[in-house]
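These numbers were taken from a predicted model, which means no experiment stands behind them.
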Number of protein chains: 2
Amino acid sequence: MSGTERAVRARTRARPGEGQLLREEILLAAQTLLDEAGDESALTLRAVATRTGVSTPAVYRHFADKSALIAAVCMRVWETLGAVVREAIEAAADDPFQGLRHGAVAYMRFGLQHPVQYRLLMMGAPRPGEPGPQQEAAMACLRYLTEAVEPCVAAGVLRGDPQQIALRALATVHGCTALVIAHPYFPWPQDPDDFLDAAARTSGLGTAALGWLESEPREAAPTTAQYAEAFRDWAAALR
Amino acid sequence: MSGTERAVRARTRARPGEGQLLREEILLAAQTLLDEAGDESALTLRAVATRTGVSTPAVYRHFADKSALIAAVCMRVWETLGAVVREAIEAAADDPFQGLRHGAVAYMRFGLQHPVQYRLLMMGAPRPGEPGPQQEAAMACLRYLTEAVEPCVAAGVLRGDPQQIALRALATVHGCTALVIAHPYFPWPQDPDDFLDAAARTSGLGTAALGWLESEPREAAPTTAQYAEAFRDWAAALR
DNA sequence: CTGCGAGGTTGACGACGTCAAGTTGACAGT
DNA sequence: ACTGTCAACTTGACGTCGTCAACCTCGCAG
């Protein structure tokens, strides 16, 4: 059904040394296809090539195979996502705890606005073996988060290893985003922001409380009553 | 490369009225293929048919198309996952707050032990339109969680709409599971259970604290200092 | 004006999901 | 025992997919 798509315009062959131009056009066509169809199955080498006004195997001059093309698309998305989150965190730099919250909401909002791209990023098949540039980008994203957590630890709002705290925070925001995308029929609040904000606060509060609780190691898992006691200490220390 | 797989054994044709036998064997073969390959791309109609000792179109006598076969596999997984979680929750029924924690850990453990199946469940393409049996199963899973949250609300440990609380809890456990599966190279703790348990506690504590905080509505987002004050109230009320 | 290499095209292969048509064989009815 | 019927399957084909080998083609260096 999509096999009948025709070229948007005629292409003039790139001159030697300017092959990067086609690479750019291919990437653009791939992103456009994703956005239009809202379905990653529409991302076909043939469709991308046709849309670019070029024959299918021409793509192979610029990308090793289909997964390399997808990886390149993902890199673009990673960069955008990283920029959006960092911007949100820095916009509330005066209160690091609130900065984290804004970063989290920005992350989730981005995911919900670009569900197909987000699927590609986070729900693609896990690459076997070597840590390619894509893993590098994901690690960079985690690094941003860790750097945003560190001021909170320094200020005494959070306790524990900043990287582990960042991991749990990332898991929370990813969970919200992925769950809304994958199960839209769940009884979500009318305004998605309500859910995102509540989730971000839950994560922040829980992390703060847990850090306090863990700072005095216990033998067994604490009871609910012990949780309450730890909370009192936390609140008192923050006054 | 996988096209050369041969039948495991010769099949004797089912007698009229016993076609369900083949359906069962097909489902089994599909699950085996997933487990062996650890990759959902190995789940091919041809591979399933060959493994079952039958021609490819024979599958269509029992499943409308490939997605119907996948959906049937998912239903099996949903049932197992639901049973595992419910069992864990009921094992700690005396302290509902701890019951939730155990349910969460059980959920995540299941996902990490069956990553391919979990991907199929939660990361499949979102079905358009009508709420099929698969959405029904997901809703049932959410219902279990909601029922586990309700005693906590009744006991005063948590506050708010049980369903919304359950949604946030599900988002948290899903986020942990999905993130570990999709990004195994992240600096996770050596023992996965450490992460799972910390995440479950974080979510529980955060939800409890947030519920307390939200019970007296505010105009703007609370500051970090206000969070601390709310914590003190929570701890006092739980004594 | 000529060769050559970067930047493409053509045509084909095998694997995939899917369908239309034919085949087989266990049972019911006589 | 013979036959018809219908569920259960097989055969063969179509179109699409990713991928590859071989060929073409143009702009520029010599």
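Every residue two or more places apart in sequence or in another chain that forms a salt bridge (Lys or Arg N to Asp or Glu O under 4.0 Å) with B/R109 is listed here: B/D193. In this structure, B/F63 has no ring-ring contact (aromatic ring centres under 6.0 Å, His included) partners at least two apart in sequence or on a different chain. Remark: B/H183 pairs with B/Y185, B/F186 by the ring-ring contact (aromatic ring centres under 6.0 Å, His included) rule, at least two apart or across chains.
For B/T44, a side-chain nitrogen or oxygen approaches OP1 or OP2 of C/dC16 to under 4.0 Å. Of the side-chain N and O atoms in B/H62, one or more sit less than 4.0 angstrom from OP1 or OP2 of D/dC9.
In the set C/dT10, D/dT10, C/dG17, the nucleotide with an atom closest to the side chain of B/P57 is D/dT10. Between D/dT11, C/dC16, D/dC20, one nucleotide has an atom nearer to the side chain of B/R46 than all others, and that is C/dC16.
Computed from coordinates, the A/Y60 OH to D/dT19 C1' distance equals 4 Å when rounded to whole Å.
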Can you give each donor-acceptor pair under 3.5 Å made by side-chain atoms of residues 171-182 of chain A, sequence neighbours left out, with the distance rounded to 0.1 Å?
residue	atom	partner	partner atom	Å
A/T172	OG1	A/R168	O	3.0
A/H174	ND1	A/Y118	OH	2.7
A/T177	OG1	A/V173	O	2.7

Side chains of residues 141-150 of chain A: which donor-acceptor pairs under 3.5 Å do they make with residues two or more places apart or in other chains?
residue	atom	partner	partner atom	Å
A/T146	OG1	A/L142	O	2.8

Atom pairs, N/O to N/O, protein against nucleotides 23-25 of chain D, distance under 3.5 Å?
residue	atom	partner	partner atom	Å
D/dT25	O2	A/R13	NH2	3.1

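Of the two residues contacting DNA chain C, namely B/D65 and A/T56, the nearest-nucleotide position lying further toward the 5' end is that of A/T56.
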